[in-house]
Q: 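Pasting a structure here, questions to come.
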Amino acid sequence: MSLLDELKGLQQEAIELIEQSKTSKDLQDVKVKFLGKKGPISQLMKQMKDLPNEEKPQFGKEVNIARQNIQSQIDDRQVVIEEMELNAQLAAETIDITMPANVPTQGNIHPITKIVSEIEYVFIGLGYSIVEGREVESDYYNFEALNLPKTHPARDMQDSFYISEEVLLRTHTSPVQARTMEQYGGQGPVKIICPGKVYRRDADDATHSHQFNQIEGLVIDKNITMADLKGTLQYFAKRIFGEDREIRLRPSYFPFTEPSVEVDISCFKCGGQGCNVCKGTGWIEILGAGLVHPNVLEMGGFDPEVYSGFAFGMGPDRIAMLKYGIEDIRHLYTNDLRFNTQFSTLEDDGSES
Ligand code: 2NL
């Protein structure tokens, strides 16, 4: 068989294999096999030296044409294979656009966090600072500095969890305020809001929890009077419970304030007519307050002859329960998602969403 015939045969064989190629890899293999340096066409070129001189140029030309033919067949086939591969991929990756989407669940803020944030926004707007402190406190800051010496009968109402004789879980957020007063070094004004968790040695039931939340406020400056207290709480009540709310002060007693008052708001449900929320009275008790006792000012480093102040304390748990109609305080602490997800969230600017 002549070299030319062998060349024709190889070309024919290559073209058949190219047509049978199903993948880019098959095609690459064919290319390496026929056009590679060690392939049969290169071998034929080496045999060219055995041809008569006058046939050499023609044979060389035929080899180049055969190479170009094979290469162009490979290029054409490559286009077809790529299309086949793409179609196969598209068929394999078909998605069903009618399937329901996996909508990510969005969390929401816990009702207590929400109430606390709303209250903080109101007081930040009035120029108060938010101060937080420790939950494990000393007897001194939790009781003594608040005019509750060791023998004081009011200590009975705030039985605590004791870590030692002198260290306990705080029963209110007042120790944060007592510590802050010291830091001011007797120089007013002080305008602070102290939110946080507090603890009492109580048996849990629908209205009592051994751990709950408190927000206290403290203002100290020259010439602070009950009028400042009343105006501030009036504004607060309207911001949190609605523009139509009125407040009512009733005389009361706290060891750390003198005089002391209980503060009621007109019922936000019935507007004062009497309903189940206000138990027919038209008023709802929401906080305790008063003018800071001179002993407390003095222990905090403020001269009671120069400075006076007001303070108040409230329970965000109770406020959340009133506002959302929650009948058992334990719902706030058992983290049942069926309960927790019923509340809207709060935006960064304090608005609801
Ligand atoms: C209530 C009553 C109150 C205070 C808390 C306070 C703090 C300092 C000085 C004076 Cl440092 N008073 N706090 C005053 C009156 C009432 O809380 O019913 N809380 C839930």
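Atoms within a ligand are numbered from 1 in the order they appear, just like the ligands themselves. For reference, positions follow the sequence shown, starting with 1. What you see is a predicted model; the values in this text were computed from it and never measured.
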Q: Nearest heavy atom to atom 14 (C) of ligand 1: which of Phe256, Phe254, Phe310 does it belong to?
A: Phe256
Q: Let me confirm one number: the NE2-OG distance from His210 to Ser160, rounded to the nearest 0.5 Å.
A: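 Between atom NE2 of His210 and atom OG of Ser160 there are 11.5 Å.
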Q: If you group Ile, Leu, Val, Met, Phe, Trp and Tyr by side-chain heavy-atom gaps below 4.5 Å, do Met45 and Leu7 land in one group?
A: yes
Q: Nearest to atom 3 (C) of ligand 1 by heavy atom, Gly313, Ala311, Gly315: which?
A: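 Residue with the shortest heavy-atom distance to the ligand atom: Gly313.
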Q: Which ligand 1 atoms, with their elements, are less than 4.0 angstrom from a heavy-atom of Gln214?
A: 19 (N), 20 (C)
Q: Hey, do the aromatic rings of Phe256 and His172 have their centres closer than 6.0 Å?
A: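 Yes, the ring centres sit under 6.0 Å apart.
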Q: Taking Glu132 first and then Lys197, would you say they form a salt bridge - that is, a charged N and a carboxylate O separated by under 4.0 Å?
A: no
Q: Below a 4.0 angstrom heavy-atom separation, can you tell me which part of His172, side chain or backbone, both or neither, approaches ligand 1?
A: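 For His172, there is no contact with ligand 1 at all, from either part.
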Q: Ligand 1 versus Ser260, non-hydrogen atoms closer than 4.0 Å: side chain, backbone, both, neither?
A: neither
Q: Nearest protein heavy-atom contact for atom 11 (Cl) of ligand 1: which residue, which atom, what distance?
A: Gln177 CB, 3.4 Å
Q: Identify, by atom number and element, the atoms of ligand 1 in contact range of Thr257, meaning under 4.0 Å from any of its heavy atoms.
A: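 Listed by number with element, the hits are 10 (C), 12 (N), 14 (C), 15 (C).
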Q: Nearest 0.5 Å, what's the CD1-OG1 distance between Ile215 and Thr173?
A: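 These two atoms lie 8.5 Å from each other.
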Q: To the nearest 0.5 Å, what is the distance between CG (Asp221) and NZ (Lys191)?
A: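 So the gap between those two atoms works out to 8.5 Å.
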Q: Which residue from Glu285, Arg318, Glu216 reaches closest to atom 4 (C) of ligand 1 through any of its heavy atoms?
A: Glu216
Q: Suppose we measure from atom 18 (O) of ligand 1 to each protein heavy atom; which comes out shortest, and what is that distance?
A: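 Here the closest protein heavy atom is Gly288 N, 3.8 Å.
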Q: I'd like to know if Glu55 pairs up with Lys61 as an ion pair, taking the criterion as any Lys NZ or Arg NE/NH1/NH2 lying under 4.0 Å from an Asp or Glu carboxylate oxygen.
A: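 Judged by the 4.0 Å cut-off on N to carboxylate O distance, Glu55 and Lys61 do not form a salt bridge.
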Q: Which ligand 1 atoms, with their elements, are less than 4.0 angstrom from a heavy-atom of Leu146?
A: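 In order of numbering, the contacting atoms are 8 (C), 11 (Cl).
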